[in-house]
Amino acid sequence: MYFTGIIIAITTFLIIGLFHPIVIKVEYYFGTKPWWVFLILGCLAIFAAFSIENVLVSALHGVFGASCLWSIGEIFEQKKRCEKGWFPKNPKRKNYYKKADEVKLWIDRKNENEADSCR
């Protein structure tokens, strides 16, 4: 029996699941500033995936690298989620987030644009 595919599937699931709380914690404590750390880690991991001959190890490096790169966008989305009130804001960084009325205007404008495009 060959377990490589199952091992890749399970570890992919675990890596992606691990990145959800990492993104939330990074945004809460550091904001969007460390996005470049995810960029460097992602590029290094993907480069390593190209360089590693073992299929299992190479695939896991690729999944880790892709998850790091995906997390860059998720950090910025997490900031928007905090501004909307879906996640708690860090009280030590009050000026970092948009005010509630600015977010409401942003959401209203977005909804108007979507309504206009549907006509």
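FYI, side chains are in, hydrogens and waters are out, and symmetry mates aren't considered; it's all heavy atoms of this structure.
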Side-chain donor/acceptor pairs under 3.5 Å, residues 51-69, sequence neighbours excluded:
residue: Ser51; atom: OG; partner: Phe47; partner atom: O; Å: 2.9
residue: Asn54; atom: OD1; partner: Leu56; partner atom: N; Å: 2.9
residue: Asn54; atom: OD1; partner: Val57; partner atom: N; Å: 3.3
residue: Ser58; atom: OG; partner: Ala49; partner atom: O; Å: 2.6
residue: His61; atom: ND1; partner: Val57; partner atom: O; Å: 2.9
residue: Ser67; atom: OG; partner: Val63; partner atom: O; Å: 2.9

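Ile8 and Tyr2 fall into different hydrophobic clusters, where Ile, Leu, Val, Met, Phe, Trp and Tyr residues are linked whenever their side-chain heavy atoms come under 4.5 Å apart, directly or through other members. Linking Ile, Leu, Val, Met, Phe, Trp and Tyr residues whenever their side-chain heavy atoms come within less than 4.5 Å places Ile40 and Phe76 in a single cluster. Trp86 and Ile24 fall within the same hydrophobic cluster, defined by Ile, Leu, Val, Met, Phe, Trp and Tyr side-chain heavy atoms under 4.5 Å apart, directly or through other members. Residues Leu18 and Leu41 share a hydrophobic cluster, clusters being chains of Ile/Leu/Val/Met/Phe/Trp/Tyr side chains in contact below 4.5 Å. The hydrophobic clustering, which links ILVMFWY residues whose side-chain heavy atoms are closer than 4.5 Å, places Trp36 and Ile46 together.
Val37 places none of its side-chain heavy atoms less than 4.5 Å from the side chain of Phe30.
Rounding to the nearest 0.5 angstrom, the gap separating the OH atom in Tyr28 from the CD atom in Gln78 is 12.0 Å. Atom CD1 of residue Ile75 and atom CD1 of residue Ile22 lie 10.0 Å apart, to the nearest 0.5 angstrom. The distance from the CG atom of Leu39 to the CG atom of Leu44 is 9.0 Å, given to the nearest 0.5 Å. Summarising the geometry, atom SG belonging to Cys82 is positioned 11.5 Å from atom CD belonging to Glu77; distances are rounded to the nearest 0.5 Å.
Taking 4.0 Å as the cut-off between side-chain N and carboxylate O, Glu83 and Lys80 do not count as a salt-bridged pair.
In plain terms, the two heavy atoms of Tyr29 and Asn90 that are nearest each other are CA-ND2, 4.0 Å.
Relative to the six-membered ring of Tyr96, Lys79 meets both conditions, a distance below 6.0 Å and an angle of at most 45° to the axis.
Within the structure, the salt bridge (charged side-chain N to carboxylate O under 4.0 Å, His left out) test picks out the following pairs touching residues 55-75 (sequence neighbours left out): Glu74-Arg81. Within the structure, salt bridge (charged side-chain N to carboxylate O under 4.0 Å, His left out) pairs that include any residue of residues 26-42 do not occur (at least two apart or interchain).
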